[in-house]
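Written out below as structure tokens is the structure these notes cover.
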Protein chains: 2
Amino acid sequence: MQAEFHLHSESATPEGAPGTHRPGGRTARNREAVLDAALATLAEVGYADTCVQDIATRAGVAPSTIYRRWGNRDGIILDLALTLVAEPVAALPDTGDLETDLAALAHAIVEVMQSPRIGLVQSILFAAAVQTPTARQTLNTIITRRVEDTKGIAERAVARGELPADTDPARVINTLAAPIYHRWFITGETPDTDDLTRFAKVATLAARHGLLS
Amino acid sequence: MQAEFHLHSESATPEGAPGTHRPGGRTARNREAVLDAALATLAEVGYADTCVQDIATRAGVAPSTIYRRWGNRDGIILDLALTLVAEPVAALPDTGDLETDLAALAHAIVEVMQSPRIGLVQSILFAAAVQTPTARQTLNTIITRRVEDTKGIAERAVARGELPADTDPARVINTLAAPIYHRWFITGETPDTDDLTRFAKVATLAARHGLLS
DNA sequence: AGGTAAACGAAAGCCGAGTTGCATTAGAGT
DNA sequence: ACTCTAATGCAACTCGGCTTTCGTTTACCT
């Protein structure tokens with residue numbers, strides 16, 4: 001019970017550790033099998049009851065292999081998170097109206113949170129980020145990337161004169177995302193369509209009034 | 001490693017468990033000693049490295065006593081959280097202007113988050129809420145109580161005609177709190193005064209426009 | 001095709017968290 | 001004060017996660 005997210009610093013991409021010298025063949029197959037098994041186990045029994053032994057069994061791999069390459073359970077999850085975030089995101093909405101685009105983005109965010117693939121890992125990472133700097137950094141990487149991927153919505157609104165020129169696009173996205181995550185993580189509710197529409201309205205209103213510069 | 005926040009359902013206030021029949025004297029002293037030791041250990045070594053043995057040693061209590069009364073480490077933290085949240089909150093700001101009041105409340109929220117007493121436990125509870133329904137429920141209790149304690153700010157604004165009559169006071173508070181928590185937990189930053197002022201402006205603007213009804 | 005060593009699998013051992021039984025202490029009521 | 005028993009301390013025990021060792025497989029280079 002002593003190490004909750006104490007990943008050895010060689011976790012994600014070690015240096016001279018197993019998996020680096022011969023990244024192909026069996027090594028690659030095992031990596032994929034373990035990550036798949038980890039995701040499946042997480043979805044099935046939850047984070048708390050997920051143990052390395054089960055992942056190893058499901059992946060058809062020896063526990064010692066996992067411990068050597070990932071250190072512990074959280075090392076696997078970290079690797080899983082970094083792998084999943086590397087996947088491309090869906091196309092951005094572009095209707096020519098900021099509020100409509102933001103509402104669509106809001107729905108997309110909720111959809112991602114609900115997905116067993118990304119949403120699950122993201123929630124776990126969120127929880128771990130409170131407890132350990134390494135998870136914190138990984139989460140930051142993901143969040144920053146998401147904002148970068150979506151802030152085009154606000155940039156286009158600025159370009160067509162819908163928003164003040166000095167508007168910070170990232171701030172617009174964060175203003176939309178904040179209440180969604182607040183609902184999801186803090187109050188533990190899934191925002192409904194009315195909520196998402198309102199969140200989009202608030203963000204749009206604030207941006208139009210030059211509050212997000 | 002199998003049980004991260006699997007508190008037995010008898011955790012906070014059991015039924016026929018130790019601590020219920022003779023709540024005074026040694027029982028009370030031990031309870032206080034354990035909770036104090038838990039808080040001190042958490043602040044010192046962090047959540048991950050906090051173990052029951054250390055808490056027991058610091059409290060001058062046998063580990064078996066803790067296991068019998070709290071079940072496990074998270075049971076202690078849960079009890080700690082419920083105890084801390086029972087403490088009275090600071091007086092509400094009442095300047096006669098909604099935006100000013102909200103800005104003051106925003107500062108108060110950040111101050112609480114930064115306090116080693118409440119902030120630390122609250123963070124841990126946030127993390128745990130993602131993983132277990134019991135922690136989720138405790139967190140909801142705390143959040144609901146906080147909103148109830150502070151929504152007077154919005155109610156007064158409605159009363160003096162600064163906001164539409166159908167405004168939902170709780171929604172105003174949540175609109176202010178959401179970006180603060182987003183900063184704190186998701187991006188991992190401490191909001192500065194400019195941020196808090198902006199959050200207050202956005203919430204005020206949205207409420208005035210009747211978006212929070 | 002052959003050689004080298006990285007990566008793996010199996011099994012044994014270690015270590016510490018968590019549990020339990022029993023003797024002792026000390027609340028709470030009489 | 002006296003009694004009863006809840007609550008505790010102590011210590012032995014169990015159990016499972018994690019580590020280590022060693023022989024085997026196999027990816028990669030020549």
Side-chain angles (χ1 to χ4, degrees), chain A residues 1-8 10-11 13-35 37-38 41 45-77 79, chain B residues 1-8 10-11 13-35 37-38 41 45 47-79:
Chain A
M1 184 71 76
Q2 80 284 19
E4 232 93 298
F5 219 105
H6 269 207
L7 2 104
H8 322 166
E10 340 89 36
S11 271
T13 308
E15 280 147 56
T20 53
H21 293 87
R22 292 177 178 175
R26 180 174 57 172
T27 299
R29 282 196 306 275
N30 279 349
R31 195 185 109 91
E32 195 173 354
V34 167
L35 293 188
T41 306
V45 304
Y47 177 78
D49 288 334
T50 296
C51 65
V52 173
Q53 321 282 335
D54 292 346
I55 296 177
T57 303
R58 191 190 286 249
V61 161
S64 57
T65 297
I66 293 185
Y67 284 115
R68 263 188 294 252
R69 289 184 57 179
W70 286 279
N72 55 30
R73 174 188 57 173
D74 294 306
I76 306 176
I77 295 175
D79 194 357
Chain B
M1 185 73 74
Q2 80 284 20
E4 232 93 293
F5 218 105
H6 268 205
L7 0 105
H8 323 167
E10 340 87 38
S11 271
T13 308
E15 280 146 55
T20 53
H21 294 86
R22 291 176 178 174
R26 180 173 58 171
T27 298
R29 282 197 305 275
N30 279 348
R31 196 185 108 92
E32 195 173 354
V34 168
L35 293 187
T41 307
V45 304
Y47 177 77
D49 287 335
T50 296
C51 64
V52 173
Q53 320 281 334
D54 292 345
I55 295 176
T57 303
R58 191 190 286 248
V61 161
S64 57
T65 297
I66 293 185
Y67 284 117
R68 267 189 283 252
R69 288 183 58 178
W70 285 278
N72 55 30
R73 173 188 59 173
D74 294 306
I76 306 176
I77 296 175
L78 191 63
D79 194 357

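Here is how names work: the chains are called A, B, and so on, in the same order as the sequence lines, proteins then strands, and each is numbered from 1.
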- line: Winner on side-chain proximity to B:Val61, out of C:dG9, C:dG18, D:dG9, is D:dG9
field: Proximal nucleotide (of C:dA17, D:dT8, C:dC8) relative to the B:Cys51 side chain
entry: C:dA17
query: Base, sugar-phosphate, or nothing for A:Ser64, non-hydrogen atoms under 4.0 angstrom?
result: base
- prompt: How many Å lie between CD on A:Gln53 and P on D:dG17, as a whole number?
  reply: 5 Å
field: Side chain of B:Arg26 (C-beta onward), nearest among D:dG17, C:dT19, C:dA26
entry: C:dA26
task: Check the distance between C:dT25's P and B:Asn30's CG and give it to me in whole angstrom.
output: 16 Å
query: Any side-chain heavy atom of B:Val34 sitting closer than 4.5 Å to one from B:Trp70?
result: yes
- line: Taken to the nearest whole Å, CZ/B:Arg29 to P/D:dG9 is 11 Å
Phosphate OP1/OP2 of D:dA7: any B:Thr27 side-chain N/O under 4.0 Å: no
- prompt: Nearest-Å distance, CH2 (A:Trp70) to P (D:dG17)?
  reply: 18 Å
task: Measure from CZ on A:Arg69 to P on C:dG9 and round the result to the nearest Å.
output: 10 Å
- prompt: Between A:Ile76 and A:Ala38, what is the shortest heavy-atom contact and its length?
  reply: CG2-CB, 3.6 Å
field: Euclidean distance, atom CD1 of residue B:Ile66 to atom C1' of C:dT19 [Å, nearest integer]
entry: 15 Å
statement: Scanning both residues in full, the closest heavy-atom pair of A:Ala56 with A:Ala62 reads CB-C, 4.2 Å
task: Please tell me which of the listed nucleotides, C:dA17, D:dG9, D:dC18, lies nearest to the side chain of B:Tyr67?
output: C:dA17
task: Measure from CZ on A:Arg73 to P on D:dG16 and round the result to the nearest Å.
output: 17 Å
query: Less than 4.0 Å between a side-chain N and a carboxylate O, is that true for A:Asp79 and A:Arg69?
result: no
field: Reported CZ-to-OG1 distance for the pair B:Arg58 and B:Thr50, which is rounded to 0.5 angstrom
entry: 9.0 Å
task: Check if the side chain of A:Arg68 and the base of C:dG9 share a donor-acceptor pair of N or O atoms closer than 3.5 Å.
output: yes
query: Closest nucleotide of DNA chain C for B:Pro63 versus for B:Gly25: which of these residues is on the 5' side?
result: B:Pro63
